[in-house]
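Just so you know, these numbers use all the heavy atoms, side chains as well, and skip hydrogens, waters and symmetry mates.
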Amino acid sequence: MARALQLSRGLDPARLRPAFERFGRLHLPGILPARDAQAIHAALVTAPYHRSLTASGKSYDIALDTLAAMPPERRAELEAAILEGGKTGFQYQFDAWRLSDLMEAGQRTGGALAPLEAVYDLINSEGFLAFIRTLTGDPRCAYADAQATRYRPGDFLTAHDDDVAGKKRLYAMVLNFTPAWRPDWGGLLAFHDADGHVSEAYTPTFNALNIFRVPQQHAVTQVASFAGAERLSITGWIRER
């Protein structure tokens, strides 16, 4: 069993709350002790990802070996559908590992993946949820879900607001664990204003928590072909019952 995680000392949600209330979002660097963040990064490198994407208006989770074995013509059709959908609608492609689904099904494996399981335990702990309630001023925060994500060159997530009927999403969060990243590599969490401009964008800084109110229009910009790393993170939502 992995050692229980705790937030870094010195984080004061009451002091941070005015900034969150003003902007509806916040970037918090140094969210975990450095040793824990490094262990989580190592686990994310080896996580058993599948390919998560949309094509022709439908969502798919495809095993990576299945995708690799796909006939070239079928693969070309799929890639064309992904690109076409990205021109006008909600579209994404990246690698994912659905952490919450497995934890809620009791399918813990420990070992190399134990640090990721510990993240799930942390974000559902009373200490973390109390931190979020104080930060947001919202007493409804009851539990969180999460998935590990890996964005490689060409991956992206087009504009959306996370507001899905019945999901009871209050806040979205992204925990970033790529040790070094340049903003010109893409993969930015970009927020859009009513005029279609990027009002603010967060680089996926190592060991940082990005949290924002739902609904809020945002996207993950496409990772550049020359990016020197994979964008590794744990993403999810804080929900009410």
S.K.: Could you tell me whether the side chain of Arg98 reaches within less than 4.5 Å of the side chain of Ser52, counting heavy atoms only?
M.R.: yes
S.K.: I'd like to know whether the aromatic ring centres of His197 and His192 sit less than 6.0 Å apart in this structure.
M.R.: no
S.K.: For Gln6, does the CD atom have more than 12 heavy-atom neighbours from other residues, nucleotides or ligands under 6.0 Å away?
M.R.: no
S.K.: Between Tyr92 and Ile82, does a side chain to side chain contact (heavy atoms under 4.5 Å, CB included) hold up when you go through it step by step?
M.R.: CA-CA 8 Å; Tyr92 59 82; Ile82 293 170; over 6 Å; no
S.K.: Quick one: CG on Asp155 to OG1 on Thr221, what's the gap to the nearest 0.5 Å?
M.R.: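 Rounded to the nearest 0.5 Å, the CG-OG1 separation comes to 11.5 Å.
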S.K.: On a heavy-atom basis, which atom in Asp95 and which in Leu64 lie closest, and how many Å separate them?
M.R.: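 Looking at all heavy atoms of both residues, the closest pair is OD1-CD2, 3.8 Å.
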S.K.: Does NZ or CZ of Arg152 lie under 6.0 Å from the centre of the six-membered ring of Phe94, at an angle within 45° of the ring axis?
M.R.: no
S.K.: Please check if Leu28 and Leu170 belong to a single hydrophobic cluster, counting links between Ile, Leu, Val, Met, Phe, Trp and Tyr side chain heavy atoms closer than 4.5 Å.
M.R.: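 Yes; Leu170 is reachable from Leu28 via cluster members.
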S.K.: Would you say Phe20 and Ile211 make side-chain contact, with heavy atoms under 4.5 Å?
M.R.: yes
S.K.: In terms of side-chain geometry, is the basic nitrogen of Lys168 or Asp163 positioned less than 4.0 Å from the acidic oxygen of its partner?
M.R.: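 So Lys168 does not pair with Asp163 through a salt bridge.
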S.K.: Which atom names give the shortest non-hydrogen contact between Leu188 and Pro204, and what distance separates them?
M.R.: CD2-CD, 4.2 Å
S.K.: I need the minimum non-hydrogen distance between Gln217 and Ala159, along with the two atoms involved.
M.R.: NE2-CB, 3.5 Å
S.K.: So, for Thr235 and Ser233, which heavy atoms are closest and what is the spacing to 0.1 Å?
M.R.: CG2-OG, 3.6 Å
S.K.: Taking Arg239 for its side chain and Lys167 for its backbone only, find out whether a donor-acceptor pair lies under 3.5 Å.
M.R.: yes
S.K.: Does one side chain, of Trp237 or Asp162, offer a donor that lies under 3.5 Å from an acceptor on the other?
M.R.: yes
S.K.: Could you give me the CA-CA distance, side-chain angles and deciding distance for Trp97 and Leu102, then say whether side chain to side chain contact (heavy atoms under 4.5 Å, CB included) is met?
M.R.: CA-CA 9 Å; Trp97 184 60; Leu102 296 170; 3.3 Å; yes
S.K.: Are any side-chain N or O atoms of Glu21 and backbone N or O atoms of Leu135, one a donor and one an acceptor, separated by less than 3.5 Å?
M.R.: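 It does not hold such a pair.
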S.K.: Distance from Ile123 atom CD1 to Ile132 atom CD1, nearest 0.5 Å?
M.R.: 9.5 Å
S.K.: Arg231 side chain to Gly187 main-chain N or O, any donor-acceptor pair under 3.5 Å?
M.R.: yes
S.K.: Anything under 30° is parallel, anything over 60° is perpendicular, the rest tilted; go ahead and classify Trp185 against Trp181.
M.R.: perpendicular
S.K.: Quick check for you: to the nearest 0.5 Å, what is the distance between His27 atom NE2 and Asn176 atom CG?
M.R.: 8.0 Å
S.K.: Hydrophobic clusters here meaning ILVMFWY residues chained together by side-chain heavy-atom distances under 4.5 Å, can you tell me if Val198 and Val220 are in one?
M.R.: no
S.K.: So, Glu126 and Arg133, do they make that salt bridge, N to O below 4.0 Å?
M.R.: yes
S.K.: Rounded at 0.5 Å granularity, tell me how far OG1 in Thr134 sits from CG in Asp12.
M.R.: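 CG of Asp12 is found 9.0 Å from OG1 of Thr134.
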S.K.: Please tabulate, for side-chain N and O atoms in residues 106-115, each donor-acceptor pair with protein atoms closer than 3.5 Å (sequence neighbours left out).
M.R.:
unit_1, atom_1, unit_2, atom_2, d
Arg108, NH1, Asp121, OD2, 3.3
Arg108, NH2, Asp121, OD1, 2.6
Thr109, OG1, Glu117, OE2, 3.3

S.K.: Should Phe128 and Asn124 count as side-chain neighbours, where that means a heavy-atom distance under 4.5 Å?
M.R.: no
S.K.: What about Leu209 and Val214, same hydrophobic cluster or not, with Ile/Leu/Val/Met/Phe/Trp/Tyr joined at side-chain heavy-atom distances under 4.5 Å?
M.R.: no
S.K.: Are Asp61 and Arg51 close enough that some pair of their side-chain heavy atoms sits under 4.5 Å apart?
M.R.: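 With C-beta onward as the side chain, the pair stays apart.
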S.K.: Over all heavy atoms of both residues, which pair between Ser199 and Arg25 is shortest? Give the atoms and the distance, please.
M.R.: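 Smallest heavy-atom distance, with atoms named: OG-NH2, 3.3 Å.
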S.K.: Rounded to the nearest 0.5 Å, what's the gap from CG on Leu232 to OG1 on Thr178? Could you check?
M.R.: 4.0 Å
S.K.: Should Met173 and Ile234 be regarded as members of a common hydrophobic cluster, given that ILVMFWY residues are connected when their side-chain heavy atoms come within less than 4.5 Å of each other, either directly or indirectly?
M.R.: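 Hydrophobic grouping puts Met173 with Ile234.
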S.K.: Using 0.5 Å steps for rounding, measure from the CZ atom of Arg17 to the OG1 atom of Thr136.
M.R.: 7.5 Å
S.K.: Do the charged groups of Asp138 and Arg213 touch, with an N to O distance under 4.0 Å?
M.R.: no
S.K.: So Phe191 and Phe212, would you call those rings parallel, tilted or perpendicular, with 30° and 60° as cut-offs?
M.R.: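 Phe191 vs Phe212 ring planes: perpendicular.
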S.K.: Could you see if Phe156 belongs to whatever hydrophobic cluster contains Tyr49? Use Ile, Leu, Val, Met, Phe, Trp, Tyr and a side-chain cutoff under 4.5 Å.
M.R.: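 In one cluster with Phe156: Tyr49, no.
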S.K.: List the atom of Ala144, the atom of Ser100, and the distance in Å for their closest heavy-atom pair.
M.R.: O-OG, 4.5 Å
S.K.: Which of these, Glu77, Glu73, Glu79, sits in a side-chain hydrogen bond (donor to acceptor under 3.5 Å, both in side chains) with Arg75?
M.R.: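 The residue from Glu77, Glu73, Glu79 that satisfies side-chain hydrogen bond (donor to acceptor under 3.5 Å, both in side chains) with Arg75 turns out to be Glu79.
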S.K.: Using the rule given for side chain to side chain contact (heavy atoms under 4.5 Å, CB included), can you reason through Leu175 versus Ile40, listing the C-alpha separation, both sets of side-chain angles and the distance that settles it, and then say yes or no?
M.R.: CA-CA 10 Å; Leu175 288 154; Ile40 294 165; over 6 Å; no
S.K.: Parallel, tilted or perpendicular for Phe206 and His41, by the 30°/60° rule?
M.R.: perpendicular
S.K.: Test Gln91 against Thr158 for side chain to side chain donor-acceptor pair (under 3.5 Å), laying out the working first.
M.R.: CA-CA 5 Å; Gln91 192 77 28; Thr158 63; over 6 Å; no
S.K.: Can you check whether Asn210 reaches Leu26 side chain to side chain, under 4.5 Å on heavy atoms?
M.R.: no
S.K.: Should Leu32 and Phe177 count as side-chain neighbours, where that means a heavy-atom distance under 4.5 Å?
M.R.: yes
S.K.: Set out, in order, the CA-CA distance, both residues' side-chain angles and the distance that settles side chain to side chain contact (heavy atoms under 4.5 Å, CB included) for Ile62 and His50, then state yes or no.
M.R.: CA-CA 6 Å; Ile62 305 175; His50 60 264; over 6 Å; no
